[in-house]
There are 2 protein chains.
Amino acid sequence: MTPAPDDAASARRGKADVVDAAMAVLDEHGIAGLSMRRIADALDLQVSALYWHFPNKQALLAAVSARIVDGADAVRSDDLAAVAAALRDRLLAHRDGAEIVSSSLALGLLDLPARAHLVDAARRAGLADAAAGVAADTLVHFVIGFTFHEQQRLHAAVVGAAAPVADLSPASADASPADDFAAGVELIVAGIRTAARA
Amino acid sequence: MTPAPDDAASARRGKADVVDAAMAVLDEHGIAGLSMRRIADALDLQVSALYWHFPNKQALLAAVSARIVDGADAVRSDDLAAVAAALRDRLLAHRDGAEIVSSSLALGLLDLPARAHLVDAARRAGLADAAAGVAADTLVHFVIGFTFHEQQRLHAAVVGAAAPVADLSPASADASPADDFAAGVELIVAGIRTAARA
DNA sequence: ACCTGAACACCGTTCAAGT
DNA sequence: ACCTGAACACCGTTCAAGT
């Protein structure tokens, strides 16, 4: 099926190989160090070769984003909080995952499977179609915003600046990021249940 | 009080002038076009002069962010939805406002006055301190995430790409961004009222 | 179909030196 | 106290040309 490959070193690459390399660079250098030149180096290619596989960097980043948020084991459940937590886990699995996904999503270059799952769950909870969409978007915005913030702080802590809290306030001596995340999700889910009762 | 200025063209600048120029560049060229060189040009200065006023670009961006979200007319109200709407209005008042604020906030370089107002309002609604913090953060993440997405789409529409909807789904023929925003906020506020009753 | 090599028009940041 | 001029080490993108 696949054409016979050359030596491992000189084999020609496909889109998937480029995305593989990009994710490796992302995990090691973060989004600030994710340059086209660095990706090309990881593949032993010239930068210009990347533009045969992708029209521009944003398109490559969108493909990376899709890899971050997809996965056959995606949680499809009636439990809204569980779907939200699974999305957060996927974002946390790669350095700056939330930031990369946030921008691809905002640019309209990414379809979020988790959003569809959230819409389904909200509908089954008793919401009409439009309201289920609003509920899903509200949860998605919270998950991405919270995790974005959490990951920045995480890296800042590694570099040696602020304490690794995901809280938005300067000083805070309370729960862990995971607890704060769960509490925020619970707040939104409670609002959804209220709307379902109306 | 202020030292006597030279000619208008050759006067020496302060931090405030640099921020003024940066905001003008931001509104005209967006965050992608907000370069140190462009800001220096607007001030008739060399790029290197900016580094006398600010240690680096992030610090300058944080000062711009502070200008976007501050203001003496800040809404201090018991109405959580009103405070959230006022924050959105401030972000919408400048091109890519949500994105710039989001990153300054994540880097821990920005204090959000609206967050304190939200905490107060949540406390007065009956939440304990820790829960009020979670409630405020949840609202802030939603406001910034929603508005970020809304502004990207807005600009994409100007450039001529997708339709100007703030919805996260590919296709959607429902309400306006303002209505979707209000609906999302209402969902969270309903959750907060539920938590206050517990 | 996939890649090289070289160029273009930019970036943020540093630093000695000027006034 | 505030700014210039020049440099350093990078960027994303394009394009003719090769195999």
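What you see is a predicted model; the values in this text were computed from it and never measured.
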Side-chain donor-acceptor distances from residues 77-85 of chain A under 3.5 Å, at least two apart:
{"unit_1": "A:S77", "atom_1": "OG", "unit_2": "A:D79", "atom_2": "N", "d": "2.7"}
{"unit_1": "A:D78", "atom_1": "OD1", "unit_2": "A:R124", "atom_2": "NE", "d": "2.3"}
{"unit_1": "A:D78", "atom_1": "OD1", "unit_2": "A:R124", "atom_2": "NH2", "d": "2.9"}
{"unit_1": "A:D79", "atom_1": "OD1", "unit_2": "A:A81", "atom_2": "N", "d": "3.1"}
{"unit_1": "A:D79", "atom_1": "OD1", "unit_2": "A:A82", "atom_2": "N", "d": "3.4"}

Fill in: A:D70, A:V140, A:L118, A:V143 screened by side chain to side chain contact (heavy atoms under 4.5 Å, CB included) with A:L112, the one that passes
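Testing A:L112 for a side chain to side chain contact (heavy atoms under 4.5 Å, CB included) against A:D70, A:V140, A:L118, A:V143 leaves exactly one candidate, A:V140.
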
Discussion item. Reading 5' to 3' and counting Watson-Crick or G-U wobble pairs with both distances under 3.5 Å, write the dot-bracket notation for DNA chain D, | for bases paired outside the strand.
Written reply: ||.|||||...|||||.||

Worksheet item: Is the closest side-chain heavy-atom distance between A:R90 and A:P113 below 4.5 Å?
Response: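 No, too far: nothing below the 4.5 Å cut-off.
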
Fill in: Residues that, via side-chain heavy atoms closer than 4.5 angstrom, fall in one hydrophobic cluster with A:F148
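Joined to A:F148, directly or through intermediates: none.
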
Figure out the [atom1]/[atom2] separation between [X] and [N], and round it to whole Å.
X	N	atom1	atom2	value
B:L61	C:dT13	CG	P	10 Å
B:L45	D:dG5	CG	C1'	14 Å
B:L50	D:dG5	CG	C1'	15 Å
B:R13	D:dC3	CZ	P	7 Å
A:D41	D:dG12	CG	P	12 Å
A:I39	D:dT13	CD1	P	11 Å
B:L43	D:dC2	CG	P	14 Å

Worksheet item: Closer than 4.0 Å, any side-chain N/O of A:Q46 to the OP1 or OP2 of C:dC3?
Response: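 Checking A:Q46 against C:dC3: no side-chain N or O falls below 4.0 Å of OP1 or OP2.
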
Sequence neighbours left out, what passes side-chain hydrogen bond (donor to acceptor under 3.5 Å, both in side chains) with [X]? Give chain and number order.
X	answer
B:D89	none
A:D41	none
A:D17	none

Let me check something: any side-chain donor-acceptor pairs from residues 100-110 of chain A under 3.5 Å, sequence neighbours excluded? List them with distances.
{"unit_1": "A:S104", "atom_1": "OG", "unit_2": "A:S65", "atom_2": "OG", "d": "2.7"}
{"unit_1": "A:S104", "atom_1": "OG", "unit_2": "A:I100", "atom_2": "O", "d": "3.2"}

Worksheet entry | Pairing residues for A:R123 by the salt bridge (charged side-chain N to carboxylate O under 4.0 Å, His left out) criterion, not counting sequence neighbours |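 So A:R123 forms a salt bridge (charged side-chain N to carboxylate O under 4.0 Å, His left out) with A:D120, A:D129.
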
Would you mind writing out the side-chain donor-acceptor pairs for residues 20-29 of chain A within the sub-3.5 Å range, not counting sequence neighbours?
{"unit_1": "A:D20", "atom_1": "OD1", "unit_2": "A:R67", "atom_2": "NH2", "d": "2.1"}
{"unit_1": "A:D27", "atom_1": "OD1", "unit_2": "A:H94", "atom_2": "ND1", "d": "3.3"}
{"unit_1": "A:D27", "atom_1": "OD1", "unit_2": "A:R95", "atom_2": "N", "d": "3.3"}
{"unit_1": "A:D27", "atom_1": "OD2", "unit_2": "A:H94", "atom_2": "ND1", "d": "3.1"}

Worksheet item: Near DNA chain D, under 4.0 Å by heavy atom, which residues of residues 25-38 of chain B?
Response: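 Contacts with DNA chain D under 4.0 Å: none.
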
Item to complete: Output the residues of residues 51-60 of chain B in contact with DNA chain D, where contact means a heavy atom of the residue under 4.0 Å from an atom of the strand; sort by number or write none.
Response: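 Close to the strand are B:W52, B:H53.
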
Discussion item. Considering only residues two or more places apart or on different chains, which pairs with a residue in residues 176-198 of chain B satisfy ring-ring contact (aromatic ring centres under 6.0 Å, His included)?
Written reply: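 Output for this query lists B:F142-B:F181, B:F146-B:F181.
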
Practice prompt. Measure from the side chain of B:R12, starting at C-beta and using heavy atoms only, and say which of D:dC15, C:dC3, D:dC3 lies closest.
Written response: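 Nearest to the side chain of B:R12 among the choices is D:dC3.
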
Worksheet item: Expressed as a whole number of Å, how far does the C1' atom of C:dC11 sit from that of D:dC8?
Response: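 Result for the C1' pair: 12 Å, nearest Å.
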
Worksheet item: C1' atom, D:dC3 versus C:dA16: distance in rounded Å?
Response: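 It works out to 13 Å between them.
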
